[in-house]
Colleague: 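What follows is a structure written as structure tokens; I'll ask about it next.
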Amino acid sequence: MTKFFQLLAIQRWDDHRYYHQDRINRSLHFISAISFLVAYAFLFIDPAVAALIGWLVSMSTRQSGHFLFEPLGYDEVNQVTNEHKEAIKVGYNLHRKLVIIGIWAVSPLLLLIDPSLGGLLTPHHSVASFVHNTGWIWLALGVGGLLFRTVHLFFIRGVLDGLVWMTKILTDPFNDIYLYYKAPLEWLRDGRLGSPERAHQI
């Protein structure tokens, strides 16, 4: 277990220092983390609604921070190129994220082709039920994306690294609240960019 938590701390630190230098991005991650916790709660109430919150609020704020605000050129803080960071990214780098986002965006069209999705869903009869069924598709996409990359990591990096990454993803909302709750005030006070400090990892 010591090795597990050591690898978890390394993955979190690399993610923090390489991909969270912009305080707007950190602020958006704080918002994303809170909404993810709401989505986690809704998993026990209505999983489809949980997926709608997760994708429309949590993922939208999180990924817009990466794509719109985080520096994508040479990383002066860590003295590495963006290409190097993307190549060593354990989870979904920006290219892989674009693929997932593309699938997410077009996936509701499946309900127009087959409203029951092969008998898995009750066909929609209103806009509300269409949105709810979309939530089920997005839930399957989220779970599938998590499991696909985890198993992929089993083969390319080892089972332990894969399990560590999956644990990191599932606990990121808690860690992000801990790391970035001060980000909005820091952004207003000090501006957008700053060298990521070494934060204590949970």
Side-chain angles (χ1 to χ4, degrees), residues 11 15 19-20 24-25 27-70 72 85-87 89-157 161-177:
Q11 286 193 21
D15 185 56
Y19 289 96
H20 300 89
I24 298 179
N25 185 27
S27 300
L28 289 171
H29 271 62
F30 175 61
I31 296 169
S32 171
I34 293 173
S35 62
F36 259 127
L37 294 186
V38 174
Y40 280 2
F42 265 93
L43 284 173
F44 300 97
I45 303 170
D46 189 334
V49 172
L52 291 169
I53 296 170
W55 281 101
L56 292 175
V57 183
S58 309
M59 289 296 286
S60 295
T61 52
R62 178 172 295 260
Q63 300 313 323
S64 63
H66 285 301
F67 283 100
L68 300 178
F69 300 106
E70 200 66 27
L72 299 179
K85 293 193 295 187
E86 288 289 276
K89 176 75 172 176
V90 175
Y92 284 93
N93 60 22
L94 296 181
H95 174 72
R96 298 186 192 108
K97 286 178 180 179
L98 284 174
V99 174
I100 289 289
I101 290 171
I103 295 172
W104 165 73
V106 302
S107 60
L109 297 178
L110 294 174
L111 294 174
L112 300 179
I113 299 171
D114 181 0
S116 72
L117 211 63
L120 295 175
L121 300 173
T122 301
H124 59 273
H125 52 80
S126 65
V127 173
S129 58
F130 176 84
V131 171
H132 196 265
N133 282 350
T134 297
W136 283 112
I137 293 176
W138 287 350
L139 180 65
L141 177 61
V143 173
L146 178 67
L147 294 178
F148 175 83
R149 184 57 178 172
T150 300
V151 174
H152 188 216
L153 288 171
F154 287 172
F155 290 98
I156 64 175
R157 294 178 64 109
D161 271 356
L163 293 176
V164 167
W165 177 78
M166 182 174 68
T167 302
K168 174 190 173 299
I169 293 300
L170 292 174
T171 58
D172 265 349
F174 303 96
N175 196 53
D176 286 352
I177 289 175

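Index from 1, following the sequence.
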Colleague: I need the minimum non-hydrogen distance between Gly162 and Leu153, along with the two atoms involved.
Modeller: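 What the structure gives for the nearest pair is CA-CB, 3.7 Å.
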Colleague: Parallel, tilted or perpendicular, judged at 30° and 60°: which one describes the rings of His20 and His66?
Modeller: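 His20 and His66: perpendicular rings.
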Colleague: Start with the C-alpha gap between Val164 and Thr167, add the side-chain angles, then the distance that decides, and say whether side chain to side chain contact (heavy atoms under 4.5 Å, CB included) holds.
Modeller: CA-CA 5 Å; Val164 167; Thr167 302; 5.7 Å; no
Colleague: Please tell me whether Ser116 and Asp114 have a donor and an acceptor in their side chains that are separated by less than 3.5 angstrom.
Modeller: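 Side chains of Ser116 and Asp114: pair found under 3.5 Å.
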Colleague: Quick one: CG on Leu121 to OG on Ser129, what's the gap to the nearest 0.5 Å?
Modeller: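 That separation rounds to 10.5 Å.
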Colleague: On a heavy-atom basis, which atom in Arg62 and which in Ser32 lie closest, and how many Å separate them?
Modeller: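 What the structure gives for the nearest pair is NE-OG, 3.1 Å.
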Colleague: Measure the spacing between CD1 of Ile137 and CG of Leu141 and express it to the nearest 0.5 Å.
Modeller: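 Taking CD1 in Ile137 and CG in Leu141, the distance rounds to 9.5 Å.
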Colleague: Once salt bridge (charged side-chain N to carboxylate O under 4.0 Å, His left out) is applied, do any residues pair with Asp15, and if so which ones, sequence neighbours excluded?
Modeller: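 Per chain and number, Asp15 pairs via salt bridge (charged side-chain N to carboxylate O under 4.0 Å, His left out) with Lys89, Lys168.
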Colleague: For residues Leu72 and Phe67, determine if any side-chain heavy atom of one lies less than 4.5 Å from a side-chain heavy atom of the other.
Modeller: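 No, their side chains stay 4.5 Å or more apart.
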Colleague: Look up atom CZ in Phe69 and atom CG in Leu28, then write down how far apart they are to the nearest 0.5 Å.
Modeller: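 Going from the CZ atom of Phe69 to the CG atom of Leu28 covers 6.0 Å.
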Colleague: Judged by atom type as modelled, is there a donor-acceptor pair below 3.5 Å linking the side chain of Asn133 to the main-chain atoms of Thr122?
Modeller: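 Side chain of Asn133 to backbone of Thr122: a pair is present.
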Colleague: Is a side-chain N or O of Tyr92 found less than 3.5 angstrom from the main chain of Leu146, in a donor-acceptor match?
Modeller: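 A pair under 3.5 Å: no.
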Colleague: Grab the two heavy atoms, one from Ser60 and one from Ser64, that are nearest each other, plus how far apart they are.
Modeller: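 Of all heavy-atom pairs spanning Ser60 and Ser64, the closest is O-OG, 2.9 Å.
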Colleague: If only atom types and distance count, is the side chain of Tyr40 paired as donor or acceptor with the main-chain N or O of Ala50 below 3.5 Å?
Modeller: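 No, the answer is negative, given that no donor and acceptor are paired below the 3.5 Å cut-off.
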Colleague: Among pairs that include at least one residue of residues 110-129, which meet ring-ring contact (aromatic ring centres under 6.0 Å, His included), considering only residues two or more places apart or in two chains?
Modeller: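 Matches after skipping sequence neighbours: His124-Phe130.
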Colleague: Which atom pair, heavy atoms only, marks the closest approach of Trp165 to Gln11?
Modeller: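 Closest heavy-atom pair between Trp165 and Gln11: CA-OE1, 3.3 Å.
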Colleague: Step by step, would you call Ile177 with Phe30 a side chain to side chain contact (heavy atoms under 4.5 Å, CB included)?
Modeller: CA-CA 5 Å; Ile177 289 175; Phe30 175 61; 4.1 Å; yes
Colleague: For the pair Trp104 and Trp55, name the ring-plane relationship: parallel under 30°, tilted 30 to 60°, perpendicular over 60°.
Modeller: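 If you compare the ring of Trp104 with that of Trp55, the planes turn out parallel.
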Colleague: Would you mind telling me which of Val127, Asp46, Leu52 makes a side-chain contact (heavy atoms from CB on, under 4.5 Å) with His132?
Modeller: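 Among Val127, Asp46, Leu52, the one that satisfies the side-chain contact (heavy atoms from CB on, under 4.5 Å) with His132 is Asp46.
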Colleague: Looking at every non-hydrogen atom in both residues, tell me the closest pair between Ser58 and Gly54 and how far apart they are.
Modeller: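 Ser58 and Gly54 have their closest heavy atoms at CB-O, 3.1 Å.
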Colleague: For the side chain of Glu86 and the backbone of Leu94, is there at least one donor-acceptor N/O pair under 3.5 Å apart?
Modeller: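 Yes.
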Colleague: Would you please test Val57 and Phe36 for side chain to side chain contact (heavy atoms under 4.5 Å, CB included) and show each step?
Modeller: CA-CA 8 Å; Val57 183; Phe36 259 127; over 6 Å; no
Colleague: Nearest 0.5 Å, please: how far is OG1 in Thr61 from NE2 in His29?
Modeller: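 So the NE2 of His29 and the OG1 of Thr61 are separated by 8.0 Å.
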Colleague: Would you compute the distance between atom CG of Asp176 and atom CG of Leu37 and round it to the nearest 0.5 angstrom?
Modeller: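 Nearest 0.5 Å value for the CG-CG distance: 9.5 Å.
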Colleague: Say you draw a straight line from CZ of Arg96 to CZ of Arg149; how long is it, rounded to the nearest 0.5 Å?
Modeller: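 Interatomic distance, Arg96 CZ to Arg149 CZ, rounded to 0.5 Å: 4.0 Å.
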Colleague: Given side chains that start at C-beta, do those of Leu68 and Ile24 come closer than 4.5 Å, heavy atoms only?
Modeller: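 No, every pair of side-chain atoms sits at 4.5 Å or beyond.
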Colleague: Tyr19 side chain to Asn93 main-chain N or O, any donor-acceptor pair under 3.5 Å?
Modeller: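 No; zero donor-acceptor contacts below 3.5 Å.
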Colleague: Would the distance check show the side chain of His152 and the main-chain N or O of Phe148 forming a donor-acceptor pair, the cut-off being under 3.5 Å?
Modeller: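 Such a contact is absent between His152 side chain and Phe148 backbone.
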